[in-house]
Every structure is written in structure tokens, then in C-alpha cells.
Amino acid sequence: MLILLTTIINQKPLQSMRKHVRWESVLDVSEYQEIVNIIYVGLLGIEKNISEDCIDQFYHEYKKSLLLYESYEKVEEVIKWQLERNRIQALILLGLSEGEMYPKPEMAQIRQIEILVDKKDLPRVNRIMLEMDYEHREESTCGGILYVRIPGIRIVFYGSMPIENKVIQRHFSGSIERYRCMEHYQAIHMLSNEEEYLFRIARMVELYITGRLKIRDILDMWQYRKLLGELFRWKAVKELLERAGWNEFESQVDVLGTLWFGEDAEQQYGLALELEEYIMSHGRENRHLDETLLPYENIRLDFYWRNRDKEWALRKQAWMFPTREYMIRFFPILEKYPFLLVFCWIIRNWRFFRRICTNKCRKAGFRFRVRLLDIQEKLKGMIIKEEDRVVELPEVMQEDMIPQAENEENSSTEPAEEDGDFQNPGKENECEAQDRSAEREGVSQYEDAERDTANIEQTEGDSDV
């Protein structure tokens, strides 16, 4: 598998396999090591004895990786546009730069997009992501806030730089605005080549400590080193790695990458072979390798909360109360005063439980800030609606009052012009009523007189006949 992978990466002609290869096992290992898309590209150019079912699975994984990369391209643009529109200062830690390191973009494997924002902007980011139909998911191995969406898109936001080493953490400390802006953006920032290299080493350290370091990580780092030009400041980076205690780890990762994908065979591969065994064994513990590669990370290697239920159930008691020989590495005072072992146990367990409580408090605080922001947005909406209603009511009332006022003016001026009397409106009303009754009486009397005259004329006519 490594021979085929090396040939594809170095763009060399492929040769047919002389030995029988169990492609089902190659498929399983390639899926775990996240290199199945590269292996499939190599299978297209060689003669192979492989079943149709197996080749279909290779093609399915290759197509899935290709479609996922295209989806990540669209998703990254949308998220950057949303952050820019809402004026949220953001730093892209890991994005689609892996696609630029390979001969073909489909050879890259995008695990997730990682973005650093200010801690106070996390509630706003949460509201934006939920509005875009992302699901907030809890994951023990993720130090940030994970959002997931079909077909497997993973976006991680951090409120602080996800690096535990104090030396590297101080190097990345400061405001996000101090990083250079991306082209055509004012709120989206990016790392320099040296900063991105340091961050990639930091991510590999995290993967090593959690037992998740894979061939894909070594390949990505080796490809990234190939792209670094002469302007890269290696001296400053090496000095910073040495102060952090990561120089041996970085060196052995480079040696292992050269062993797998390079052509230089003059180096010493003793420790690199142990690292290779560690990767191939899915992160099996190796105390000698830990102490050599990461001498300053013993506490993290010891206290890191791993998601291994069976291992925890079997080693819980031994882990909570280890032997004095084990504790001496962290508490050298036990060599002279062995009776302090109980107090060292208490200190050690307190550190572990403090880490758990800190993580829970951080998550609870984030949920509280999100709820508070939602309540604030609802209150703002209610206040705006109330103000709009109050503004509309006086305008309507004013429009209704204008015709009423005009009618009152007309009714008040007409009697004044006719009679000139403004003091006795009641008396005028009484006079008008009397006049109307008199007119009705006169009309009725006139009608009666006409009716009597018509009857007299009719009777006289009858008598003449």
C-alpha cells in the first residue's frame, strides 16, 4: 500500500503487482488511514486481480471524497461571507489549503474547517450556524464547538487558540486583527506560512496524544514542506519548536515522511520506525516514544481524557492510585519522602477533575450566553414592534380629527353669519322647532279645505242631474 501511495504522490509510472494482494485488507487500512482516494487513483493505471465488489467500494469512497471536497468549497465561501456580513473577526486555521498541496485536488482529504473567533462572538456564530441548518454536536475529542451538516460537513469554531503548549500559545496570543486579511475581505484573516506550519505541528501533537495520528497526517505535512520556498524562515521556526520541546517530534515526522515518500536513505530511522509502528497499531501506547518525542507533555499524556470505556473500566483503580515508581516521574520529592504519596495522589486527581469541571463550566457558560442572546433578540423585536405601533396611532388619530374639526368650524360659523347670536344656541333650536310645527299645521289645514271643496262640488253635480 505504501509503495503504491509513494508512486502516485511522486508521479512515477506504475508497475503491475507481481505478488498477490488482498485488496479487501488494503481497502480497510486505507479507509482508516484516510488515503483511499489516492489508492483508487493508483488502481486505475495497473493490472490487478480485484473483485467487482471491492472495486465498487473503492470507487464509492473516492466519489464520496470528491463530492465532499466540492461541498467544502461552497461551504467555506458561504461561511466567510456570513462572517464578513456580520462583521465578526475570524481567523481561518485549517481550510481548503490541502487541495493546493497535491497534484490533483481530489487527492486531498478535508476533515473539517477550523476557524478562530473572539469568545464574545461565539453566541452570534451559533445563531448564524443554526439558521443555516447546521447541527450543534458534542464530541469529546473536539476542543472547540462542532457544527455538522449532511453530507458530512464539519465546521469547528474556537474561542481561543486550540494549543496547550504555553510557548506556542504565547506566540499565537493577541488579537485576531493582527493577522493579515484575506483578499477581498476585511474581517476574514489568514495565517502566514510559518504560523500555519507551527499550527499544523501543534495539531499533529494533539493527534499523537489522543492516539489518532495517521498516514494522512504525515503525508499532508510532507507535502506542505515540499511547497515551502526559500523565503520560509526555518531558523525562527526551529528555535520556537526547540523552546516548546517539539523539535524531536517535528524531526521524526520529517524523517518518517522521507522514509515513506522520499528517496533519501542516509538517515537514521530507529525512532521513526517506532513512530511508524505507533501509527499502524492505531495509537498503541509506547512510553519510550512518548518520553523521547514529547518530553514536556508527560502530564498531558498522562491526564488526557480518552474515550476508552473498556480500558477505563479495567484500569480505573490503578490509574487513580498508581505506584510510587510511576509517581516519582511527576513528583520527584517522593524519592526522599515516600510518605507523601497520598498527598501526591490527591494533587494528581485534583488536576484531572479540575480539567473536567472546567470543560463542563465552559460548555454551560456557552449555552447560557446563547440563551441570553436569543432573549435579547426577542426583546429587541418586541420593543421595535411596540415603537412602530405607537408611531402609527397618532398619525391615524390626527387624520380622523381633521374632518371633525372642519365640520365643527362650519357649524359654528353659519349661525354666526345668519343671526349674529353666539350666546343662545338652545333658544335658536326651540324657534326652529316651533316654525316647523307651524308649517306642518298649515299644510294639513290647507289639505282639509281642498278636500271639503271637492266634496261640495261633487254633491252639487249629483243634484243637478
Side-chain angles (χ1 to χ4, degrees), residues 69 71-101 105 108 110-132 134 142-147 149 153-206 220-221 223-225 227-229 231-234 236-237 240-241 244 362 366 369 373:
Y69 182 82
S71 300
Y72 268 116
E73 287 182 329
K74 300 177 182 178
V75 164
E76 187 181 57
E77 290 298 325
V78 172
I79 291 178
K80 289 192 295 186
W81 177 80
Q82 287 281 8
L83 296 174
E84 179 76 14
R85 184 174 67 92
N86 290 273
R87 298 180 181 179
I88 299 176
Q89 299 294 326
L91 175 63
I92 306 296
L93 300 176
L94 287 180
L96 300 179
S97 57
E98 281 80 359
E100 302 174 358
M101 301 186 304
I110 310 299
R111 293 172 176 171
Q112 59 191 20
I113 295 177
E114 301 184 11
I115 304 174
L116 175 67
V117 298
D118 198 343
K119 189 176 295 184
K120 62 181 179 62
D121 293 327
L122 286 176
R124 297 171 59 195
V125 170
N126 181 74
R127 180 169 55 84
I128 292 171
M129 297 301 290
L130 294 180
E131 289 177 353
M132 292 193 297
Y134 281 86
C142 179
I145 303 173
L146 174 63
Y147 297 94
R149 195 180 71 178
I153 302 295
R154 294 168 57 92
I155 311 296
V156 181
F157 284 92
Y158 299 100
S160 59
M161 188 64 70
I163 299 175
E164 296 288 339
N165 189 281
K166 294 182 179 179
V167 176
I168 306 298
Q169 198 174 49
R170 283 196 298 268
H171 177 76
F172 284 101
S173 62
S175 174
I176 296 177
E177 297 179 358
R178 73 181 183 88
Y179 297 94
R180 60 175 178 172
C181 292
M182 282 188 172
E183 190 177 359
H184 307 302
Y185 291 98
Q186 296 181 356
I188 310 300
H189 304 265
M190 60 184 299
L191 299 170
S192 64
N193 292 335
E194 293 80 8
E195 292 167 340
E196 185 175 355
Y197 184 80
L198 289 172
F199 182 77
R200 287 180 176 275
I201 292 293
R203 301 304 294 156
M204 292 186 70
V205 170
E206 295 294 327
D220 287 344
M221 180 55 67
Q223 288 289 114
Y224 188 76
R225 288 176 64 95
L227 294 177
L228 299 178
L231 299 178
F232 190 84
R233 297 178 298 174
W234 283 110
V237 171
L240 188 60
L241 290 174
R362 187 184 296 112
F366 172 73
R369 291 195 300 271
L373 182 62

Heavy-atom closest pair, residues C181 and H189: SG-CE1, 3.4 Å
Side-chain heavy atoms of M132 within contact of I128, under 4.5 Å: yes
Heavy-atom side-chain proximity of N193 to R233 below 4.5 angstrom: no
Least distance between heavy atoms, I153 atom then S71 atom: CD1-CB, 3.8 Å
Approximate separation, where rounding is to 0.5 Å, of L116 CG and L191 CG: 9.0 Å
E84 with K80: basic N within carboxylate O range, under 4.0 Å: no
Any residue meeting ring-ring contact (aromatic ring centres under 6.0 Å, His included) with W234, in chain and number order, not counting sequence neighbours: Y197, F232
Nearest-0.5 Å distance, OH of residue Y72 to CG of residue L96: 9.0 Å
Derivation of the side chain to side chain contact (heavy atoms under 4.5 Å, CB included) call for L93 and M161: CA-CA 9 Å; L93 300 176; M161 188 64 70; 4.0 Å; yes
Short side-chain donor-acceptor distance under 3.5 Å, R200 and S97: yes
Side-chain heavy atoms of I79 within contact of F157, under 4.5 Å: yes
Side-chain donor or acceptor of E114 paired with backbone N/O of L94 under 3.5 Å: no
Counterpart residues, side chain to side chain donor-acceptor pair (under 3.5 Å), relative to R180 (two or more places apart): none
Main-chain N/O of I176 paired with Q89 side-chain donor or acceptor, under 3.5 Å: no
Approximate separation, where rounding is to 0.5 Å, of R154 CZ and I113 CD1: 12.0 Å
Y147 (side chain) donor-acceptor with L130 (main chain) under 3.5 angstrom: no
Flag side-chain contact, heavy atom, 4.5 Å: P162 against V156: no
Within 6.0 angstrom of E77 CD, more than 12 heavy atoms from elsewhere: yes
H171 side, atom NE2; E195 side, atom CD - distance, nearest 0.5 Å: 5.0 Å
Backbone of N86 reached by a side-chain donor or acceptor of R124 within 3.5 Å: yes
Atom pair CE/CD1 of M129 and I145 - distance to nearest 0.5 Å: 10.5 Å
Non-hydrogen side-chain atoms of E100 and Y224 separated by less than 4.5 Å: no
Student check: side-chain heavy atoms of E164 and E206 closer than 4.5 Å: yes
E183, CD: over 12 other non-hydrogen atoms inside 6.0 angstrom: no
Beyond-backbone contact of I163 with Y158, side-chain heavy atoms, under 4.5 angstrom: no
Rounded distance (nearest 0.5 Å) linking atom CD of E196 with atom CD1 of I92: 11.5 Å
I88 backbone acceptor or donor facing D121 side chain under 3.5 Å: no
Sidechain-backbone polar pair: Y134 side chain, N126 backbone, donor-acceptor under 3.5 Å: no
Residue pair A90 / I115: nearest heavy atoms and the distance that separates them: CB-CG2, 3.8 Å
Side chain to side chain contact (heavy atoms under 4.5 Å, CB included) between L198 and L241, intermediate numbers included: CA-CA 8 Å; L198 289 172; L241 290 174; 3.8 Å; yes
